[in-house]
Amino acid sequence: MNRLFGAKNTAPKPSLDDAVSNISDRVGSLDVKLTKINSELSTYQQKMARMRDGPGKSALKQKALKLLRQRKQIESQRDQLENQSWNMTQAQMTTDNLKNTMITVDAMKAANKQLKKTYGKIDIDKIEALQDEMLDLIDKSNELQESLSMSQDVADDISESELDAELEALGEEMDYEAEMTEGIPSYLSEEAPAADNLPTFIDEEEEKTKIAE
C-alpha cells in the first residue's frame, strides 16, 4: 500500500498556535502588498492631477482602477484571515480554559481522595471516649486540690457548747495562776526586785556605825 500511495505521513499535525502564527504571517504579507498598492495609487493620483484630459490620463486612470480592484480583493482576504485568526484564538483560549479546568478537577479529586483517606482513620467514638476521660481527670484533679486546701486542725463536728466549756476552763486556769502568783514573796518572783524593795540586814547597819565611830 505504501508503494502505491506513498509513505504514510508521520509529521505531527499543526496545532492552533501554529495555525494562528501561519495566518499572522499571511496577513503580514498582504499588508506589504497593500502598502505598495497605496503608494502606486498615490503616484497615479498626483500625475493625473497635473495632466489634461486625453488618452494618457485615461490610461493612468485604468491602471489606478485596476489597483483599486486589487486593493479591495487583498483587503477582503486580509479581513477573512483576521476573522479566522480571531476564531482560532478564541478556540485556543477555550482549550486553555478547559485544560485549566481539568487540572483543577484532577487536583480536587486528589484532595478529596486524601481527605477521605485521612478521615477514614479517625474514630469518632474513640475521640468522644478520650474527651470524657479527660473531663474525669480534670474533675479528680479539682477534688484533689480542694482536699489539699482544707484545714485539718479543726474538726467540723465541734459543738459550740464544747467551745464554751473549754473557754470557761481556760479562764479558771488563769485565775488559779494569778492566785498562786500573789502568795509568792517578791524576792522569789521571776521579776527582778526593785532597788527600794531590797531587804535590810542588821549586821550591815552595825558595820556602818562602827566605821563612823
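Start at 1 with the first residue, then count along the sequence.
Asp25 has its side chain within reach of Ser21: a pair of non-hydrogen atoms, C-beta onward, lies under 4.5 Å apart.
The side-chain contact (heavy atoms from CB on, under 4.5 Å) search around Ile127 returns Ile122, not counting sequence neighbours. Scored by the side-chain contact (heavy atoms from CB on, under 4.5 Å) test, Lys36 finds Glu40 as partners (sequence neighbours excluded). Residues satisfying the side-chain contact (heavy atoms from CB on, under 4.5 Å) test with Lys66, not counting sequence neighbours, are Gln70. Scanning for side chain to side chain donor-acceptor pair (under 3.5 Å) contacts around Asp18 gives Ser15, with sequence neighbours left out. Under the rule for a side-chain contact (heavy atoms from CB on, under 4.5 Å), Glu143 has no partner lying at least two apart in sequence or in another chain. Every residue meeting the salt bridge (Lys or Arg N to Asp or Glu O under 4.0 Å) condition with Glu75, not counting sequence neighbours, appears here in chain and number order: Arg71.
Remark: side-chain polar atoms of Ser29 are paired, donor with acceptor, to backbone N or O of Arg26 under 3.5 angstrom.
Within the structure, salt bridge (Lys or Arg N to Asp or Glu O under 4.0 Å) pairs that include any residue of residues 42-59 comprise Asp53-Lys57 (at least two apart or interchain).
The two residues Gly56 and Met51 come nearest to each other via the heavy atoms C-CE, 3.4 Å. Here the closest non-hydrogen pair linking Leu67 and Leu41 is CB-CD2, 3.6 Å.
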Donor-acceptor list for residues 130-142 side chains, cut-off 3.5 Å, not counting sequence neighbours:
unit_1: Asn142; atom_1: ND2; unit_2: Ile138; atom_2: O; d: 3.2

Scan the side chains in residues 89-105 for donor-acceptor partners under 3.5 Å anywhere in the protein, sequence neighbours excluded, and list what turns up.
unit_1: Thr89; atom_1: OG1; unit_2: Ser85; atom_2: O; d: 2.7
unit_1: Gln92; atom_1: NE2; unit_2: Asp96; atom_2: OD1; d: 3.1
unit_1: Thr94; atom_1: OG1; unit_2: Gln90; atom_2: O; d: 2.9
unit_1: Thr95; atom_1: OG1; unit_2: Ala91; atom_2: O; d: 2.8
unit_1: Asn97; atom_1: ND2; unit_2: Met93; atom_2: O; d: 3.2
unit_1: Asn100; atom_1: ND2; unit_2: Asp96; atom_2: O; d: 3.2
unit_1: Thr101; atom_1: OG1; unit_2: Asn97; atom_2: O; d: 2.7
unit_1: Thr104; atom_1: OG1; unit_2: Asn100; atom_2: O; d: 2.9

Could you pull out every donor-acceptor pair under 3.5 Å between side chains of residues 76-83 and any protein atom, sequence neighbours left out?
unit_1: Arg78; atom_1: NH1; unit_2: Asp31; atom_2: OD1; d: 3.1
unit_1: Asn83; atom_1: ND2; unit_2: Asp79; atom_2: O; d: 3.2

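In this structure, Lys63 NZ and Thr43 OG1 are separated by 12.0 Å, a value rounded to the nearest 0.5 Å. Note: Ile124 CD1 to Lys126 NZ = 12.0 Å, rounded to the nearest 0.5 Å. One distance of note links NZ of Lys61 with CG of Leu68; it measures 11.0 Å at 0.5 Å rounding.
Residue Leu34 is grouped with residue Leu65 when hydrophobic side chains (ILVMFWY) are merged at heavy-atom distances under 4.5 angstrom, including chains of intermediate members.
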